[in-house]
Structures are given as structure tokens and as C-alpha cells.
Protein chains: 2
Amino acid sequence: MTFVTTAAAEPSPSAPRRARGEQTRQLILETALRLFRERGYAETTMRAIAKEAGVAVGNAYYYFDSKEHLIQGFYDRNQAAHRAAAEPVLTGETEFAARLRGVLHAGVDVNEPYHSFAATFFKTAAEPSSPLSPFSRESSPARDASIAIFRDVVEGSSAKLDPELRKELPELLWLGWMGVTLFWVYDNSPEQRRTRRLIDGAVPLIDRLVALSRLRVLRPALRQILALIESVRRDD
Amino acid sequence: MTFVTTAAAEPSPSAPRRARGEQTRQLILETALRLFRERGYAETTMRAIAKEAGVAVGNAYYYFDSKEHLIQGFYDRNQAAHRAAAEPVLTGETEFAARLRGVLHAGVDVNEPYHSFAATFFKTAAEPSSPLSPFSRESSPARDASIAIFRDVVEGSSAKLDPELRKELPELLWLGWMGVTLFWVYDNSPEQRRTRRLIDGAVPLIDRLVALSRLRVLRPALRQILALIESVRRDD
DNA sequence: GGACTTAGTTGAACATGTTCAGGAAGGGCG
DNA sequence: CGCCCTTCCTGAACATGTTCAACTAAGTCC
């Protein structure tokens, strides 16, 4: 079985030990994601992945703890793509609203091709104990990277806002982004237009709220909100 | 196999045709929910349910399309229990904030015994295409019943508020309740105290916002928000 | 070079959700 | 009663995620 079946990275026996394993891992991941895209998540069997990749079923389990774990690779990729797609806005725009809007739309753009099957495996991410949950320990690198985008949104903007709020805002915006994503998953309007409308409608509201945060009169209300967040976050 | 195995409702052969089937259905559902509670959802096999109920595996599939569909029974029950638990507050309290707070706490109370395994099967509810999704067609009876509770919260309260908002508020509060539930699922603080704190902190804020809705100055902002909701809801 | 270690790989075996061809069994109808 | 239809029920068979004992071979150490 040494003839070339695909042009893709087939592990070459000549490669050094470490690299060889990494090659196999990538091959399995690539194959899996391709099949997920082509047939959907549930319809893709581990046997099919293994066969298509030219390895034994057990080998896939040597590199990935479970079928679900293959999805993590998808997340990592999408996260990087979001960052890249947001880059122009983050370097070009200075107004808070425009930055936020651009970043959110970039996120939707990046996800768009996967909408149909993202919904299919979204369920696995929703389980709190799942490593795929956006709040899980295993997701924390991807999560931190995602929050970093929103920190960039805030810090690179010309908007002046309450310093307390400034500290919390990136994480709150990320949470909002999770909300948008949740909405997006459920949104089956053509081209997910409702999600776009949600973004376009919500961003000005958020912008106005954020601007209001500096008003002396609203200080107590803001403190109350921040205190609530703090108290809810506390884990006891 | 005609000896009595449990004291519970075993289908009596003498019962009329229709009722007999219903009895079996109930028996299977009871058994399933009990085992879910005792062992957890994933750990309970269909074979175990069938064996425990004294029927064949196929029989369970005659009454329930899938293992997930057994959960719907759990929802229906919980919904009714929520209504019942909220009753005292809804008849006794007249202030909006107190009513809302009471209803939300009642909801958490009702769910509390199931927290550990609710999380386990929450994932199945999260899939948009699943009949268990709170937004699905199959869930609409339970959903409508739940929204009705929040309509009661609004209509039975002494609070005066913008008529436009009044129309939308029950559904918005229900959505908020879904948010609280989502938070609750992820909340593993002892006795889910964080969820309680979230409710206690958020209700006054909502109460204040709702009261503000009548201020002339805020009219444009309110209209903007309502328009956003309307536009997002539109399915095109 | 030879013994040893360990990463990498295999495929059969297992567990469990689901299906399905078929078999009772009650009740209506001639 | 005898026939038939529908409801209810059965358990073996199937599909698929996962495990595991065993094997291969690349590297390491003496």
C-alpha cells in the first residue's frame, strides 16, 4: 500500500519520528474536516474517515480521543480565520462602533460556509462538560485568542469610557459574540440575514450605552451592573 | 412472564385497548425518567430501560421515536411544576419586580433536583434541528405555556409601562428565562448560588428599565429597540 | 551489531442506539 | 364461529463510536 492516493500530506516513512506522527495527525484531521463538510458531521463515520485517510480506525483514536475532538481542529482554524478577517477593520477603523461592527461581521463571514453543518455538531459544544464547550478548560486557548480580538476592538478605538468598564468590556463583548453565534446557529433565514440585522441593530445601541457610561448621573447604575457581574462571576 | 414485578402501573390485560397502550407508554416513560435520575442520561441504555420496564427494546421505540424523545416527557412535567410553584407568587404579589423574581426562583427551585443530569442531556436540546430545542415546533406547547407564565407576571402586576413594550415583554422575559436556564446549566457553584445571585441582581435592573420605558425622553430609544426586535424576528 | 524501549499502527471485539420482519391478540364483521 | 384488520409487542440484526491486546519498526544504549 505505498502507491500515492492523494496529493495531500501522506506520511512519508523517511521523515523523522516526531514529524511522521504529526503528519498522520494532520492527514486524519484534514480528511475528517473534508468529509464533515461534504457529508455532514453525523453522516461521517469514523470508519469512513479512517478508510479515506488510509489508516486503521484505531489510529484515529490514537491521535484524537473521540470523534468530537476532531471538531476542536475546526474551531482553531476558524478562530485564526476570524482574526485575519478582522485585521483590516482593526487597523483601518478608529471608531468604536465601526470596529465592533466590522469584527462581528467578519466573524459571521468566516463562519458562513459552515452554517449547515455547524448546526449539526453545535450540540456537542453545548454540553457543559464537553471539552468543546467555549467555556471549557480545553477551549481556553481559543477563547483567550477570541477575547483578545475584542480587547483590540476596545483599546484601538477612539471612544472614551469609564476605566472600570474598559477593563470588563472585552470579555462582555466576547460574551455578546457568543450570543450572536448562538443566534446564528438557529438562524436559517437566507444567508443568515437576521443575524446581520441583529448585529447592525445592536451595535449602535451598545455604542450609545458605552458612551453613556461616562455620565456622572449614570455612575451608580453602572457600578451596580459591574457589581452584579463581579458577584455572578465569583465561584462560591 | 405474567408475574408482577413492580407495584407501578403495569398494563393490565383487562383494560380497554386504547388505555392499555397508554399504560405501557407511561410505564416506559416513568422507568426511563427514574433511571435517568438514578444513573444519568448517557449511562442509561435503552436495553436497561426496556428490561426494567419488563418490555422488549423495540416496544420502547414503538412509543418513542428515539431515546431523546423520552426527554420531552421530562420537559412537560417540569413546565407544569414551574407553573404550580409560581402560583403563590402570581396570586399574592402585585409588584412587578417581586413577581418576576418569584417566578424565576420558582423555576430554579423546580429544576434544582435535576441539575446534575439536566446538563448531561442539555446538549440534545441545543441542537437547532432537534425536536427538543425550546424553539422547535414540537416544543411549542411547552413554550407557549411557559410564555404564558411571564404574561401573567406582566399583566398581574401593578407596574405601568409603555403599551408597545407591554405586548412584547412576556416573550422577552421568557427569552431571559432561557438565558437564566442556560446559565444555570453551566453553573456548578454549590446549590447553583451564582444563578440565584444573577436573578437577584438582574431583576432590579430590569425593573428599573421597564419603569423608565414610560419616560418621554427615552421614547426614541425604546422604539429603536422594539424596531430591532421586530426586524430580527422577521424571517426573510 | 544486538537488546531494549517506545511511538505508531492494526483490526477484531464490544457496547449501544435503532430498525425491521414477523408474531400475538383483541375486537369488529359476515 | 371464522376471518381479517389494527394495535401492540418481540428479539435478532444492523450501524457505528470506542477499546484493546498485539504487532511493527524506528530510534537508543551498551
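Here is the naming used below: chain letters follow the sequence lines, and residue numbers restart at 1 for every chain. Side chains included, hydrogens not; waters and symmetry mates left out as well; all remaining heavy atoms used. Since this is a predicted model, take the numbers as computed values, not measurements.
For the pair B:I28 CD1 and D:dC9 P, the computed distance is 7 Å after rounding to whole Å. With rounding to whole Å, A:I49 atom CD1 is found 12 Å from D:dT16 atom P. In this structure, the CD atom of B:E22 is 13 Å from the C1' atom of D:dC8, given to the nearest Å. Note: OH (A:Y61) to P (D:dA22) measures 22 Å, nearest angstrom. Rounded to an integer number of Å, the gap from B:D65 CG to C:dT18 P is 10 Å. For the pair A:E43 CD and D:dA15 P, the interatomic distance rounds to 16 Å; values are reported in whole Å. Taking atom CZ of B:R47 as the reference point, atom P of D:dA13 lies 13 Å away to the nearest angstrom. If you measure from atom NE2 of A:H69 to atom C1' of D:dT18, you get 13 Å, rounded to the nearest angstrom.
Using a 4.0 Å cut-off between charged side-chain N and carboxylate O, B:R196 and B:E112 make a salt bridge. Ion pair A:E38/A:R34 flagged as a salt bridge, since at least one NZ, NE, NH1 or NH2 atom sits closer than 4.0 Å to an Asp/Glu carboxylate oxygen.
For the pair A:R25 and A:Y62, the cation-pi test (distance below 6.0 Å, angle within 45°) is failed.
The side chain of A:Y62 lies closest to C:dG8, out of C:dT18, D:dG17, C:dG8. Checking D:dG17, D:dT10, C:dG17 against every side-chain atom of B:T45, the shortest atom distance belongs to C:dG17. Nearest nucleotide to the B:Y63 side chain, out of D:dC9, C:dG17, C:dT9: D:dC9. The side chain of A:A56 approaches C:dT10 more closely than any other nucleotide in the set D:dG17, C:dT19, C:dT10. Residue B:N59 places its side chain closer to D:dC9 than to any other of C:dG17, D:dC9, C:dC14. Residue B:V57 has its side chain nearest to C:dT18 when only D:dT18, C:dT18, D:dT16 are considered.
Between A:T24 and the phosphate of C:dT9, there is a side-chain N or O to OP1/OP2 separation shorter than 4.0 Å.
Residues A:H105 and A:D200 have side chains that bring a donor and an acceptor to within less than 3.5 angstrom of each other.
Residues A:Y114 and A:F74 place their aromatic rings such that the two centres sit under 6.0 Å apart.
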